[in-house]
Amino acid sequence: MERKVGSSTVTAKEVKAALEKTRTLSAEEERVLRMRHGAGASSTRAPLPRAAGDNEELGDELLLIEMQLLKAMRARAGGKTVASGNNKQVMTPAPAPAPAKASANATKDKIVRALRKKK
């Protein structure tokens, strides 16, 4: 097998076009190709492609999952301010769990008794 002699020039536009078509590269491989050839992302303002495509049922299911995840994230944040781009959203605090005084006192008493026995 002979080596091909010669060179070819790949432009940033060609790399961008090829990267938009391919789906087999990992995120790191794509980033390296973009950096190597000076091909930036197509547009930061362009909407992300929908994973559901034309399937409305799958789109509804994914939307439901997304809403559940956002609700769980807000509950975990517990009233912290989260910066999102230029907009700041203030999250409402999560409701405090009901105090379990009876079991907490029982546990505390058990620990105190165990410590007194050690003396």
Side-chain angles (χ1 to χ4, degrees):
M1 186 185 277
E2 293 183 26
R3 286 188 124 180
K4 293 183 180 180
V5 179
S7 65
S8 64
T9 304
V10 179
T11 65
K13 288 182 182 181
E14 292 172 339
V15 172
K16 273 186 186 182
L19 287 175
E20 288 174 4
K21 291 177 186 175
T22 185
R23 299 285 175 235
T24 58
L25 295 176
S26 70
E28 185 177 4
E29 291 169 335
E30 183 177 345
R31 189 182 74 215
V32 168
L33 283 172
R34 287 188 187 279
M35 290 172 63
R36 171 74 175 93
H37 294 286
S42 56
S43 173
T44 57
R45 297 280 183 211
L48 295 174
R50 302 304 275 170
D54 293 334
N55 188 344
E56 284 187 34
E57 187 176 327
L58 180 59
D60 292 342
E61 187 69 26
L62 290 173
L63 179 62
L64 180 65
I65 292 170
E66 182 180 356
M67 291 185 334
Q68 289 172 346
L69 290 172
L70 284 171
K71 184 178 178 183
M73 182 187 74
R74 287 185 182 122
R76 290 186 111 194
K80 295 178 186 174
T81 303
V82 175
S84 169
N86 292 337
N87 303 340
K88 287 198 174 184
Q89 299 174 352
V90 177
M91 299 185 142
T92 57
K101 292 185 179 182
S103 64
N105 287 339
T107 305
K108 181 180 175 183
D109 291 339
K110 186 176 179 182
I111 293 170
V112 169
R113 277 186 266 128
L115 289 172
R116 286 184 181 156
K117 285 182 183 178
K118 284 194 167 193
K119 286 184 179 181

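Sequence positions, counted from 1, serve as the residue numbers for this chain.
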Out of curiosity, [X] [atom1] to [Y] [atom2], how far, rounded to the nearest 0.5 Å?
X	Y	atom1	atom2	value
Leu63	Gln68	CG	CD	10.0 Å
Thr24	Glu29	OG1	CD	8.0 Å
Glu57	Leu62	CD	CG	11.0 Å
Leu69	Leu64	CG	CG	9.5 Å
Leu115	Lys110	CG	NZ	12.5 Å

side-chain contact (heavy atoms from CB on, under 4.5 Å) partner of Arg34, the single match among Glu30, Arg31, His37: Glu30
Minimum heavy-atom distance Ala39-Ala12, with the two atoms named: CB-O, 3.7 Å
Where Arg113 and Ala106 come nearest, the two heavy atoms and their spacing: NH2-O, 4.5 Å
Same apolar cluster (I L V M F W Y, side chains within < 4.5 Å links), Leu25/Val15: yes
